[in-house]
Colleague: 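Mind having a look at this structure? Questions to follow.
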Amino acid sequence: MAQYDVLIVGAGHGGAQAAVALRQNKFEGTIAIVGDEPELPYERPPLSKEYFSGEKSFDRILIRPATFWAERNVDMLLGKRVESVDPAGHAVTLTDGSTIGYGKLIWATGGAPRKLTCSGHHLSGVHGVRTREDADRMLGEMERTTNVVVIGGGYIGLEAAAVLSKFGKKVTVLEALDRVLARVAGEALSRFYEAEHRAHGVDVQLGAKVDCIVGDDQDRVTGVQMHDGTVIPADMVIVGIGIVPAVEPLIAAGAAGGNGVDVDEYCRTSLPDIYAIGDCAMHANPFADGARIRLESVQNANDQATTAAKHILGGTDAYHAVPWFWSNQYDLRLQTMGLSMGYDETIVRGDPANRSFSVVYLKNGRVLALDCVNAVKDYVQGKALVTGGVSPDKASLADPEIPLKSLLPA
């Protein structure tokens, strides 16, 4: 049986950063990363942005080149999947029946795209966007694709819609709620992006109820049937309705959790010597007033990876990182600082018509978060307002001519 001092399951951002952080902090033991894809760890966000649009080759989205891992003695066990975990025996079993022992285990598996449950969900031409293979499969179908339906008006769906409209495709976005980005942003930002996509020729349909996916006798998608019986033509359907955290082996082994696996402030699960990080880790977040949440972001994966690595090495620094996110659509760069959940007021800085503005989210007058569209200074300076829990003068906050850094307490 192969044996490693630290075994990392998952070759995404979190898994890669865990190995990097261990070596940066002088860990001299053996390390291996198990990944279910054949590729070395690569960046996921560009899959629906720069990689999908052809702006970046795959080599340019690798987190590190092959030589980096070899020089640091990190074994890459790629194209392999963990089927079960034995916490008592400190070992995992792979789907091929082989077993790997570990001293410490870091679970960094992220999640799988949530699938439609309606009839036709299995048809050829229906895609999620989570892996290089997903993106390559869609790119391979571009020449024969005219009509695209995107189900889900979140960031993944909107980013894909922006790229596809650049390709000259007829794109329809179907959002079940009354506005896009409803789960992650305020109405001002939602309405701005709805207008932008419509201005670029995207048909954004709100309150859209999908009945089923329809196809031809070759089991290839031909359309999306709505609840009222109308059928929207589709040569391709992209499903962006969230992810299901990949934690089944840990839960089956007895780890506390449900929608993800529960971790403490050091990213430890309830099982001995097992950590969990990234999209699959349910943690108490200080920027969500201590609520237990999962954060699906590169920032969270990287910072939790560093927390876990340092704890393995005897450190006592708890996870405490301000969340941040970004999204590229058309020529718009959205940067988010903090978490807007629970806000009771929003203030818009600048004029959305100028395509450069910020939405500030408040709770009881305190700044929780900012969504900054083509407004880098607000994003950079707003961090101190979020981390400091500042309650600035609202008139000054709304004035884009007043720098946010000037609103900090003396």
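For reference, positions follow the sequence shown, starting with 1.
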Colleague: Quick one: do Val373 and Arg333 satisfy side-chain contact (heavy atoms from CB on, under 4.5 Å)? Show the steps, please.
Modeller: CA-CA 6 Å; Val373 178; Arg333 172 75 164 175; over 6 Å; no

Colleague: State, without any angle test, whether Thr30 and Asp5 hold a side-chain donor-acceptor pair at a distance under 3.5 Å.
Modeller: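 Side-chain D/A pair, Thr30 to Asp5: present.
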
Colleague: Answer with yes or no whether the side chains of Ser356 and Asn354 bring together a donor and an acceptor at under 3.5 Å.
Modeller: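 No.
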
Colleague: Kindly say whether Gly278 contributes a backbone atom to a donor-acceptor pair with the side chain of Gln304 at under 3.5 angstrom?
Modeller: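 Yes.
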
Colleague: So, Tyr42 versus Tyr51, ring centres under 6.0 angstrom or not?
Modeller: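 Tyr42 vs Tyr51: aromatic centres not under 6.0 Å.
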
Colleague: Do Val360 and Val367 have side chains that get closer than 4.5 Å, going by heavy atoms?
Modeller: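 The answer is yes, as the side chains (C-beta and beyond) meet within the 4.5 Å cut-off.
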
Colleague: Would you call Asp273 and Lys104 a salt bridge, using N to O less than 4.0 angstrom?
Modeller: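 Looking at Lys104 together with Asp273, the answer is yes, because their closest N to O distance falls below 4.0 Å.
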
Colleague: Evaluate Asp228 against Thr230 for side chain to side chain donor-acceptor pair (under 3.5 Å), listing each step before the verdict.
Modeller: CA-CA 6 Å; Asp228 63 4; Thr230 59; 2.8 Å; yes

Colleague: Assess the side chains of Ser98 and Asp96: does a donor N or O sit below 3.5 Å from an acceptor N or O?
Modeller: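 Yes, side-chain donor-acceptor contact under 3.5 Å.
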
Colleague: So, the side chain of Trp107 versus the backbone of Ala246: is there a donor-acceptor pair under 3.5 Å, distance only?
Modeller: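 Yes, the answer is positive, given that a donor and an acceptor are paired below the 3.5 Å cut-off.
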
Colleague: To the nearest 0.5 angstrom, please state how far the CG atom of Asp86 sits from the CG atom of Leu271.
Modeller: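 Reported to 0.5 Å precision, the distance equals 10.5 Å.
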
Colleague: Measure the CD1-OH distance between Ile8 and Tyr275 for me, rounded to the nearest 0.5 Å.
Modeller: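 So the gap between those two atoms works out to 12.5 Å.
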
Colleague: Would Asp344 and Asn364 satisfy side-chain contact (heavy atoms from CB on, under 4.5 Å), going step by step from the backbone distance to the final call?
Modeller: CA-CA 7 Å; Asp344 55 25; Asn364 298 325; 3.5 Å; yes

Colleague: Will you find, in the side chains of Thr306 and Gln17, an N or O donor that is under 3.5 Å from an N or O acceptor?
Modeller: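 Present: a donor and an acceptor within the cut-off.
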
Colleague: Whether Arg355 engages the ring of Phe357 as a cation-pi pair (distance to the six-membered ring centre under 6.0 angstrom, angle to the ring normal within 45°) should be assessed.
Modeller: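 No cation-pi geometry.
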
Colleague: For the atom pair CD (Glu50) and NZ (Lys56), what is the distance rounded to the nearest 0.5 Å?
Modeller: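 Answer rounded to 0.5 Å: 5.0 Å.
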
Colleague: A side-chain contact here means heavy atoms from C-beta on lying under 4.5 Å apart; do Tyr379 and Ser358 qualify?
Modeller: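 No, their side chains stay 4.5 Å or more apart.
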
Colleague: Is it the case that Asn285 and Tyr319 place a side-chain donor and acceptor less than 3.5 Å from each other?
Modeller: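 Short answer, no.
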
Colleague: Give me the one residue out of Val163, Val129, Leu47 that meets side-chain contact (heavy atoms from CB on, under 4.5 Å) with Phe52.
Modeller: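 Going through Val163, Val129, Leu47 one by one, the side-chain contact (heavy atoms from CB on, under 4.5 Å) with Phe52 is satisfied by Val163 alone.
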
Colleague: Any Lys/Arg nitrogen of Lys170 or Asp203 sitting under 4.0 Å from an Asp/Glu carboxylate oxygen of the other?
Modeller: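 Salt bridge absent between Lys170 and Asp203.
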
Colleague: Between Glu194 and Val180, is there a donor-acceptor pair closer than 3.5 Å when you use the side chain of the first and the backbone of the second?
Modeller: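 The answer is yes, because a donor-acceptor pair under 3.5 Å joins these two groups.
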
Colleague: Would you call Asp399 and Lys394 a salt bridge, taking side-chain N to carboxylate O under 4.0 Å as the test?
Modeller: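 No, no charged N to carboxylate O under 4.0 Å.
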
Colleague: Contact between Cys118 and Ile213 at the side-chain level, heavy atoms closer than 4.5 Å - yes or no?
Modeller: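 Answer yes - side chains close enough.
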
Colleague: Could you tell me whether a side-chain N or O of Arg23 sits under 3.5 Å from a main-chain N or O of Phe27, the two making a donor and an acceptor?
Modeller: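 Present.
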
Colleague: Calculate, to the nearest 0.5 Å, the distance between atoms CD1 and CZ belonging to Ile156 and Arg130 respectively.
Modeller: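 Those atoms lie 7.5 Å apart.
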
Colleague: Of the options Val237, Asp235, Val224, which is the one that meets Asn147 in a side-chain contact (heavy atoms from CB on, under 4.5 Å)?
Modeller: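 That would be Asp235.
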
Colleague: Show the nearest heavy-atom pair for residues Asp216 and Thr222, with the distance to one decimal.
Modeller: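 What the structure gives for the nearest pair is N-CG2, 3.7 Å.
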
Colleague: Compute whether any side-chain donor of one residue and acceptor of the other, for Asp134 and Thr131, lie under 3.5 angstrom apart.
Modeller: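 There is such a pair between these side chains.
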
Colleague: Taking Glu55 first and then Lys49, would you say they form a salt bridge - that is, a charged N and a carboxylate O separated by under 4.0 Å?
Modeller: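 Result for this pair is no, no salt bridge flagged.
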
Colleague: Locate the shortest heavy-atom distance separating Val247 from Gly258; write the atom from each residue and the value.
Modeller: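 Residues Val247 and Gly258, closest heavy atoms: CG2-O, 4.4 Å.
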
Colleague: Salt-bridged, Glu37 to Arg44, with N to O below 4.0 Å?
Modeller: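 Between Arg44 and Glu37 there is a salt bridge, with a charged N closer than 4.0 Å to a carboxylate O.
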
Colleague: Is any NZ, NE, NH1 or NH2 atom of the basic residue among Arg179 and Glu175 found under 4.0 Å from an Asp or Glu carboxylate oxygen of the other?
Modeller: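 Between Glu175 and Arg179 there is no salt bridge, as every charged N stays at least 4.0 Å from the carboxylate O atoms.
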
Colleague: So which heavy atom on Ala318 is nearest to which on Thr307, and how close?
Modeller: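 Looking at all heavy atoms of both residues, the shortest contact is C-CG2, 4.3 Å.
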
Colleague: Quick check on Arg81: does its CZ atom have over 12 non-hydrogen neighbours (other residues, nucleotides or ligands) under 6.0 Å away?
Modeller: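 No, because the 6.0 Å sphere around CZ of Arg81 holds 12 heavy atoms or fewer from other groups.
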
Colleague: Is there a donor in the side chain of Gln329 and an acceptor in the side chain of Ser327, or the other way round, less than 3.5 Å apart?
Modeller: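 Distance-only check passes for Gln329 and Ser327.
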
Colleague: How about His200: does its NE2 atom have over 12 heavy atoms from other parts shown lying under 6.0 Å from it?
Modeller: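 It does: His200 NE2 has more than 12 such atoms within range.
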
Colleague: For a 4.5 angstrom cut-off between non-hydrogen side-chain atoms, does Thr172 reach Val150?
Modeller: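 No, side chains not in contact.
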
Colleague: Given Ile347 and Val359, is the side-chain contact (heavy atoms from CB on, under 4.5 Å) satisfied, shown in steps?
Modeller: CA-CA 6 Å; Ile347 291 176; Val359 182; over 6 Å; no

Colleague: State plainly whether the residues Arg137 and Glu133 are in salt-bridge range, i.e. N to O under 4.0 Å.
Modeller: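 Salt bridge: yes.
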
Colleague: Less than 4.0 Å between a side-chain N and a carboxylate O, is that true for Asp136 and Arg132?
Modeller: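 Salt bridge: yes.
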
Colleague: Looking only at heavy atoms, what is the nearest atom pair of Glu43 and Leu62, with distance?
Modeller: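 Distance-wise, the nearest heavy atoms are OE2-O, 4.5 Å.
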
Colleague: Are any of the side-chain nitrogens in Arg294 or Glu296 under 4.0 Å away from the carboxylate oxygens of its partner?
Modeller: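 Salt bridge present between Arg294 and Glu296.
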
Colleague: Would the distance check show the side chain of Arg72 and the main-chain N or O of Phe68 forming a donor-acceptor pair, the cut-off being under 3.5 Å?
Modeller: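 Yes; judged by distance alone, with no hydrogens or angles, the pair exists.
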
Colleague: Is there a side-chain contact between His227 and Val210 in this structure, where contact means two heavy atoms from C-beta onward sitting under 4.5 Å apart?
Modeller: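 No, side chains not in contact.
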
Colleague: Is the shortest distance from a Lys or Arg side-chain nitrogen in Arg220 or Glu141 to a carboxylate oxygen in the other one below 4.0 Å?
Modeller: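 Salt bridge present between Arg220 and Glu141.
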
Colleague: Does any non-hydrogen side-chain atom of Leu370 lie less than 4.5 Å from one of Thr336?
Modeller: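 Result no, sub-4.5 Å side-chain heavy-atom pair not found.
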
Colleague: Closer than 3.5 angstrom, by distance alone: can the side chain of Ser48 be matched with the main-chain N or O of Glu159 as a donor-acceptor pair?
Modeller: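 A pair under 3.5 Å: no.
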
Colleague: At what distance, to the nearest 0.5 angstrom, does NE2 of His13 lie from CD1 of Ile277?
Modeller: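 The distance works out to 12.0 Å.
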
Colleague: Quick one: do the Tyr361 and Asp371 side chains pair a donor with an acceptor below 3.5 Å?
Modeller: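 Looking only at side-chain atoms, Asp371 and Tyr361 do form a donor-acceptor pair, the distance falling under 3.5 Å.
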
Colleague: Between Ile293 and Leu295, is any pair of side-chain heavy atoms under 4.5 Å apart?
Modeller: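 They are in contact (side-chain heavy atoms under 4.5 Å apart), so the answer is yes.
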
Colleague: Under 3.5 Å, is there a donor-acceptor pair between the side chain of Asn302 and the main chain of Ala305?
Modeller: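 No, because the side chain of Asn302 does not come within donor-acceptor range (under 3.5 Å) of the backbone of Ala305.
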
Colleague: Check this for me: does any side-chain nitrogen of one of Arg366 and Asp289 sit under 4.0 Å from a carboxylate oxygen of the other?
Modeller: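 Yes, charged N to carboxylate O under 4.0 Å.
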
Colleague: Tell me if a side-chain donor or acceptor on Lys169 pairs with a main-chain N or O of Thr145 at a distance below 3.5 Å.
Modeller: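 Confirmed, Lys169 side chain pairs with Thr145 backbone.
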
Colleague: For residues Leu40 and Arg64, determine if any side-chain heavy atom of one lies less than 4.5 Å from a side-chain heavy atom of the other.
Modeller: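 With C-beta onward as the side chain, the pair stays apart.
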
Colleague: Show your working on side-chain contact (heavy atoms from CB on, under 4.5 Å) between Leu189 and Leu334 and close with a plain yes or no.
Modeller: CA-CA 10 Å; Leu189 197 75; Leu334 168 66; 4.0 Å; yes

Colleague: Looking at CE of Met282 and CG of Asp262, how far apart are the two atoms once the value is rounded to the nearest 0.5 Å?
Modeller: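 It is 6.5 Å, given to the nearest 0.5 Å.
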
Colleague: For a ring-ring contact (aromatic ring centres under 6.0 Å, His included) with Tyr266, tell me which candidate from His311, His283, His320 qualifies.
Modeller: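 The single option meeting the ring-ring contact (aromatic ring centres under 6.0 Å, His included) with Tyr266 is His311.
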
